Amino acid sequence: MLFAIDLEGVLAPEIWPILGARFELPELALTTRDLADFSELMHLRIAAVSKRGLTLKELQTIAHAVEPYLGANGLIGRLRAMGNVVIISDTFHEFSDPLAMKLGGVNLFANLFELDPQGRIKGFKLRVRGQKERIVSGFKSAGFAVAAMGDSMNDLSLLRSADYPVLYRPVQALLDEFPGAPVAMNLDDALALFEAARKNLDANGG
Ligand SMILES: [Mg+2]
């Protein structure tokens, strides 16, 4: 079994609002929980940091200090004992690679920034956007049963393509998309649901 988990809002806090609070940019308070259109959200974020003239390096000093939620490491460790674990997220490697290391060096599939010569963010390369289901179907064709967990509308394709979707403290719109899907309100719930999925798979000869 392969566990494909969202990062922000599930294993760690949302990074952009933390940057917004630190640099007093209220525009950065919005996340994928508020705005489903990720490109629109990113254009808004880039416009806000550009207006302030912030470099990626300055943003990284704050982003790299973000710690996983309490219990996130424990969950990842327990999942690793039951299968493979990857994080599939709309975050950016430049922000979240250290977070993936703090989570025990778990594999991270995320997006990349494009910088101008001064080191300011001028755009982004979406490696993950719209490709979450392609990453999942790749794992499936390699023979994995895929369990997935996410909290927002940007996890829709990840959850839809998984064999076993878990909604984590979901926004209402996501809940509406998956009536009857298992919902975890904390990481202990999540572990129990994944253990059940793993047991079920074993019982069915997976
Ligand atoms: Mg999320």
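Please read all numbers here as calculations on a predicted model, not as lab measurements. Start at 1 and go down the list; that is how both ligands and their atoms are numbered.
- Applying the ring-ring contact (aromatic ring centres under 6.0 Å, His included) test to pairs two or more places apart or on separate chains, those with a residue in residues 67-105 are Trp16-Phe95, Phe92-Phe113, Phe95-Phe113.
- Using a cut-off of 4.0 Å between Lys/Arg side-chain N and Asp/Glu carboxylate O, Glu67 and Lys102 are scored as salt-bridged.
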Per-pair distances, 0.1 Å, donor-acceptor, side chain in residues 185-197, under 3.5 Å, sequence neighbours excluded:
| unit_1 | atom_1 | unit_2 | atom_2 | d |
| --- | --- | --- | --- | --- |
| Asn186 | OD1 | Asp188 | N | 3.1 |
| Asn186 | OD1 | Asp189 | N | 2.7 |
| Asp189 | OD2 | Met185 | N | 2.9 |

Using atom types as modelled, flag every donor-acceptor pair under 3.5 Å from a side chain in residues 19-26 to any protein atom, sequence neighbours excluded.
none

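- Within a radius of less than 2.8 Å around the Mg ion (ligand 1), the protein N, O or S atoms are Asp6 OD2, Glu8 O, Asp151 OD1.
- No side-chain donor-acceptor contact under 3.5 Å links Ser161 and Glu133.
- Side-chain atoms of Ser89 and Asp6, non-hydrogen and from C-beta on, do get closer than 4.5 Å to each other.
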